[in-house]
Amino acid sequence: MDIFEDIAIIILAAGSSSRMGEPKQLLKWNNKSFVLRSVETALQLAPEKTLVVLGSQWERVKEEIKDSQVETIVNQDWEMGMGRSISEGVTYVQSNWPQASGILIMLSDQPLIDFEHLRSLMMALKRSNCGIIATSYDDENFGVPAIFSNQYFDQLRELNSDYGARELIRQHGNPACLVSGYNKVVDLDTASDYEEFLKSNPQS
């Protein structure tokens, strides 16, 4: 696992999930909340450098992961969007884990993202000269989970809006630096999306 030692992980869990009607972070699949599932997956790769950025209803979300050995911060400006949460997270990493050579950014509402996919991103970083390794969703779309080498930390810290890291990937990415999500990326924005997800992915 030595290839992972210098990578920090930021899990974004600050959104309000207004269209869902309840925090997506706390939705459950296989008797485990989405945010806890994300945390446990991340800790397999970076047990000493995993950070969760909280925001809306942060007390409830923090309570859900209280038994996990993970760092948390609260983005007081979470309503500004995902970019602001990334900025807060990167600032924390630079201050507390200055040896980090890269940051893997995850979302707390992608329950199908597993250790194997994150490991694939890590291996792609090791094998390539790419400074950004992102997940491809289909032939045209891409995004997080994604790894950014430290040459992009300052640009990540300057993010301040809702487009998050995708525009940075678009500006600096390379098609060879994309790893297929293999249908592991799902958009769950509404209650009906969640119901459909549960039907398509029966709980064991």
Side-chain angles (χ1 to χ4, degrees), residues 8-47 49-93 103-115 117-118 134-135 137 141 143-146 156 159-166 181 183-204:
I9 298 180
I10 296 173
I11 301 173
L12 305 177
S16 65
S17 313
S18 57
R19 293 174 59 193
M20 181 66 68
E22 59 182 306
K24 285 191 286 185
Q25 303 93 314
L26 300 179
L27 295 178
K28 295 201 172 185
W29 178 52
N30 281 330
N31 300 312
K32 189 174 294 185
S33 67
F34 286 4
V35 66
L36 182 58
R37 184 176 298 276
S38 296
V39 165
E40 291 180 350
T41 299
L43 287 174
Q44 293 180 64
L45 287 96
K49 299 188 188 72
T50 294
L51 170 71
V52 181
V53 182
L54 307 171
S56 176
Q57 301 195 43
W58 67 268
E59 298 98 334
R60 291 181 61 193
V61 180
K62 187 172 183 177
E63 177 70 16
E64 183 69 16
I65 57 176
K66 66 179 181 179
D67 295 327
S68 302
Q69 298 299 312
V70 65
E71 299 292 322
T72 62
I73 60 172
V74 178
N75 172 18
Q76 301 292 346
D77 297 317
W78 61 267
E79 291 179 288
M80 294 180 66
M82 189 180 297
R84 183 65 176 182
S85 290
I86 292 173
S87 176
E88 294 282 339
V90 173
T91 298
Y92 181 95
V93 169
I103 291 174
L104 191 161
I105 297 176
M106 301 173 55
L107 302 181
S108 61
D109 60 353
Q110 294 181 326
L112 298 181
I113 293 295
D114 54 15
F115 171 83
H117 180 67
L118 299 185
T135 299
Y137 304 159
N141 298 304
V144 295
L156 288 169
L159 294 177
N160 220 5
S161 65
D162 197 39
Y163 66 76
R166 184 170 297 177
N183 298 318
K184 294 179 180 178
V185 177
V186 292
D187 289 324
L188 302 174
D189 294 322
T190 66
S192 60
D193 291 338
Y194 178 48
E195 291 174 6
E196 186 60 34
F197 169 79
L198 294 178
K199 290 178 183 178
S200 302
N201 299 274
Q203 303 189 54
S204 58

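Note that the numbering runs from 1 along the sequence shown for the chain.
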Check your understanding: In Å, rounded to the nearest 0.5 Å, how long is the span from OG of Ser108 to CG of Leu12?
Key -> 7.5 Å

Check your understanding: So, do Asn30 and Arg37 sit near enough that their side-chain heavy atoms are less than 4.5 Å apart?
Key -> yes

Check your understanding: When you look at CD of Gln69, are more than 12 heavy atoms from neighbouring residues, nucleotides or ligands closer to it than 6.0 Å?
Key -> no

Exercise for review: Taking the side chain as every heavy atom from C-beta outward, state whether Ser87 and Asn160 have any pair of such atoms under 4.5 Å apart.
Suggested key: no

Review point. Is there a side-chain contact between Leu118 and Met106, using heavy atoms and a 4.5 Å cut-off?
Key: yes

Point to revise | SB check Glu64 Arg60 (cutoff 4.0 Å) | key: no

Check your understanding: Do Leu27 and Leu188 come within less than 4.5 Å of each other through their side chains, counting heavy atoms only?
Key -> no

Point to revise | Residues forming a salt bridge (charged side-chain N to carboxylate O under 4.0 Å, His left out) with Lys199, sequence neighbours excluded | key: none

Review point. With side chains defined as the heavy atoms from C-beta onward, is the minimum distance between Lys32 and Glu40 less than 4.5 Å?
Key: yes

Practice item. Would you please test Leu156 and Ile105 for side-chain contact (heavy atoms from CB on, under 4.5 Å) and show each step? Key: CA-CA 11 Å; Leu156 288 169; Ile105 297 176; 4.3 Å; yes

Exercise for review: For residues Ile86 and Ile10, determine if any side-chain heavy atom of one lies less than 4.5 Å from a side-chain heavy atom of the other.
Suggested key: no

Practice item. Give a yes or no on whether Lys62 atom NZ has more than 12 heavy-atom contacts from other residues, nucleotides or ligands under 6.0 Å away. Key: no

Practice item. Compare every heavy atom of His117 with every heavy atom of Ile113, then report the nearest pair and how far apart it is. Key: CD1-CD2, 3.8 Å

Review point. Between Ile9 and Ala42, which heavy-atom pair has the shortest distance, and what is it?
Key: CD1-O, 3.5 Å

Review point. Under 3.5 Å, side chain of Thr135 to main-chain N/O of Pro145, donor-acceptor pair present?
Key: yes

Exercise for review: Kindly indicate whether the side chain of Tyr92, heavy atoms from C-beta on, has any atom under 4.5 Å from the side chain of Val53.
Suggested key: no

**Study point:** Flag side-chain contact, heavy atom, 4.5 Å: Trp29 against Phe197
**Key:** yes

